[in-house]
Amino acid sequence: MALKFPTIYLLPKGLDPGRMSELESQIPSLTYDINEAEVVLGKLSHPQRAKLELQIRNIATEDLLPSQPPDSADVNSGPPAKRRKVSESAAHDVVSSTAPDGETATDVSRPTPANPPNAAFIEQLKEIRTIRTLTDDKDGERAYGARAYSTAISTLAAYPYRISCVPEIERLPGCSTKIAGLWDEWRENGFIQEVEDAKTDEKLSVLKLFYDIWGVAATTAREFYSKGWRDIDDIVEYGWSSLTRVQQIGVKFYDEFKLKIPRAEVESIGQTILEHANKIHEGFHMVIVGGYRRGKNGSGDVDVVLSHPNPDCTLNFVLDIVASLEDSQYITHTLTLSTKNSERGQTPVAWKGEGRKAGTGFDTLDKALLVWQEPAWDRSSASASQKQKNPNPHRRVDIIISPWRTAGCAVLGWSGATTFQRDLRRYCKEKKQLKFDSSGIRSRANGRWVDVESDPDGPAPDLLTAEKRVFASLGLEWRPPEERCTDG
DNA sequence: CATCATGCCAC
DNA sequence: GTGGCG
DNA sequence: GATG
């Protein structure tokens with residue numbers, strides 16, 4: 001089976017700025033011997049490492065010299081202009097090469113979130129991924145095309161050097177002939193033809209528009225298109241009653257849900273939720289997870305994990321917290337409300353190994369997917385100008401309730417980008433014979449729940465400690481959330 | 001040539 | 001059962 | 001699309 005290490009760990013030490021400059025002088029220029037390469041390769045599994053070592057040996061020095069790309073027309077932060085030395089302040093370099101307004105690193109107060117050296121190329125790959133998602137038939141053979149791009153993107157997002165040649169990108173996990181070919185095309189021309197074509201594709205842009213509706217994915221987007229609808233108004237006019245309830249909400253708040261939520265507002269919403277939780281049972285712990293925790297400046301939604309050391313307090317708690325927030329007029333709609341975990345008494349089903357279909361399901365956490373709006377001022381009576389000034393948009397808020405003993409898994413599971421989670425699950429499956437889930441970890445051998453969060457002194461004292469223990473128990477090096485931005 | 005994350009909710 | 005979602 |  002695939003022994004690939006989670007991509008985020010591809011270059012575990014390369015993400016440390018101090019090591020980066022050191023490695024920079026070793027890897028791309030090949031001025032190292034194979035022993036030094038182990039500094040980088042040390043975390044890779046043996047078969048893969050053997051392969052990489054072979055490939056590195058086989059790369060001729062001239063292959064690694066910077067290839068001079070033509071000056072691209074107006075591609076903002078285009079193809080690799082020139083081999084950049086990361087050693088000369090990586091942060092500065094990246095910021096100045098991508099900031100269009102010439103504002104260099106004004107945000108020193110905030111650790112720069114994932115802004116990988118290959119961001120511009122990653123953007124191209126994301127474009128193609130979207131095209132694949134929207135055009136590939138889900139049941140067709142190409143259904144995994146989009147996912148393959150996600151893998152390549154996550155590798156590149158974790159790779160701390162600017163790609164300078166085809167052999168260099170080809171040696172990365174998930175990047176092979178096709179991806180390398182695209183990179184080469186982009187390097188040569190400054191653009192990728194497929195991406196350019198997509199820009200003028202009417203059908204594709206309509207599909208993208210529909211795909212952005214909460215509750216609508218590729219299949220439904222194509223379905224809408226095939227009905228002849230071309231914009232949101234068409235949906236409202238011709239298809240409103242055929243939409244699911246959730247899709248209607250998605251359409252209704254289409255523009256508002258697309259707005260990014262500033263960090264301060266995310267924090268304020270989280271605070272409100274925590275206050276309500278503690279009003280019900282004192283002693284709740286909360287972590288704001290999702291993109292916010294990975295350091296994103298604007299979040300698409302707010303995700304919080306709530307837990308309480310007393311299991312009685314988390315049982316069915318999701319119902320109480322939603323009721324409480326509803327009473328206080330914070331919640332305008334409930335998209336879904338899941339209490340399956342509580343219904344099973346918050347207890348994982350034991351002794352059900354693999355190969356079962358029914359009843360083998362691991363508990364999923366109680367959660368509420370909500371539409372949120374600050375009730376600070378009266379919505380209906382607000383004047384137009386008042387609304388102009390403070391539009392008070394509706395926000396997407398997810399509240400996840402975890403029993404204390406699996407809270408670390410919940411925090412970990414909900415903090416990573418989707419590709420990070422896939423990597424994590426695959427790693428657990430293939431290397432640890434474990435089944436990772438945000439609601440806990442079980443042995444694949446005997447189906448028993450595995451406690452990865454307690455130490456000899458008992459359960460973790462808080463959620464972040466719990467999360468760190470999960471890393472440790474899995475034999476993984478701790479990575480701060482900012483370094484889990486596998487989705488580019 | 002098979003695999004690729006997972007399980008639940010709404011329909 | 002299918003599609004959509006985190 | 002990449003991998004074992």
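This one's a predicted model, so the numbers in the text were calculated from it and none came from an experiment. In what follows, chains carry the letters A, B, and so on, assigned in the order in which the sequence lines appear, proteins first and then strands, with residues in each chain numbered from 1.
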Given D:dT3, B:dA5, C:dG6, the nucleotide with the shortest approach to the side chain of A:Trp214: C:dG6
Given D:dA2, B:dC4, C:dG3, identify the nucleotide with an atom nearest to the side chain of A:Lys178. D:dA2
Does the ring of A:Tyr144 lie flat against the base of B:dT3, closer than 5.5 Å centre to centre with planes under 30°? no
State whether A:Arg132 and A:Glu194 are salt-bridged, where the test is any N-O pair (Lys NZ or Arg NE/NH1/NH2 against Asp/Glu carboxylate O) under 4.0 Å. yes
Short N-O contact, A:Arg396 and A:Asp398, less than 4.0 angstrom: yes
Checking side-chain contact (heavy atoms from CB on, under 4.5 Å) for the pair A:Ser402/A:Thr314: CA distance, chi angles, key distance, verdict? CA-CA 7 Å; A:Ser402 174; A:Thr314 46; over 6 Å; no
Contacts of A:Arg425 and A:Ser338 projected onto DNA chain B by closest heavy atom; the upstream (5') one is A:Arg425
Within this structure, what is the CG-to-C1' distance between A:Asp212 and C:dC5, rounded to whole angstrom? 15 Å
Find the distance A:Arg129:CZ to B:dC4:C1' and express it as a whole number of Å. 15 Å
Between the side chains of A:Glu265 and A:Arg395, is the shortest nitrogen-to-carboxylate-oxygen separation below 4.0 Å, so that they form an ion pair? yes
Under the 6.0 Å and 45° cation-pi test, does A:Arg405 pair with A:Trp449? yes
Nearest to the side chain of A:Arg132, which nucleotide is it out of D:dG1, C:dG6, B:dG7? D:dG1
Starting at CD of A:Glu170 and ending at P of D:dA2, how long is that distance when rounded to a whole Å? 9 Å
Quote, to the nearest angstrom, the P distance that separates B:dA5 from D:dT3. 14 Å
Whole angstrom value for the distance that separates P of C:dG3 from CD of A:Glu223: 10 Å
Does A:Glu267 come within less than 4.0 Å of A:Arg293, counting only side-chain N to carboxylate O? no
Any heavy-atom pair between the side chains of A:Val371 and A:Phe257 that's under 4.5 Å? yes
Separation of C:dC5 atom C1' from A:Leu335 atom CG, nearest Å, is 11 Å
Given the P atoms of C:dC5 and B:dC4, what is the spacing between them in whole Å? 23 Å
Reckon A:Ile179 touches a base, only the sugar-phosphate, or nothing at all at heavy-atom distances under 4.0 Å? sugar-phosphate
Can a cation-pi geometry be assigned to A:Arg294 and A:Trp414, taking NZ or CZ under 6.0 Å from the six-membered ring centre and within 45° of the ring axis? no
Closest nucleotide of DNA chain B for A:Leu337 versus for A:Lys367: which of these residues is on the 5' side? A:Lys367
Given B:dA5, is OP1 or OP2 found less than 4.0 Å from the side-chain N or O atoms of A:Lys435? no
note: A:Leu434, atom CG; B:dT6, atom P; distance rounded to Å ~ 13 Å
What's the CG-P distance between A:Leu369 and B:dC8, to the nearest Å? 15 Å
Expected list for residues 241-250 of chain A near DNA chain B, using heavy atoms below 4.0 Å, is A:Thr244, A:Arg245
State which of B:dT6, D:dG1, C:dG3 makes the closest approach to the side chain of A:Arg444. B:dT6
Interatomic distance where CD1 belongs to A:Ile401 and P belongs to B:dC8 [whole Å]: 18 Å
Taking only the C1' atom of each, what is the distance from C:dG6 to B:dT3 in whole angstrom? 23 Å
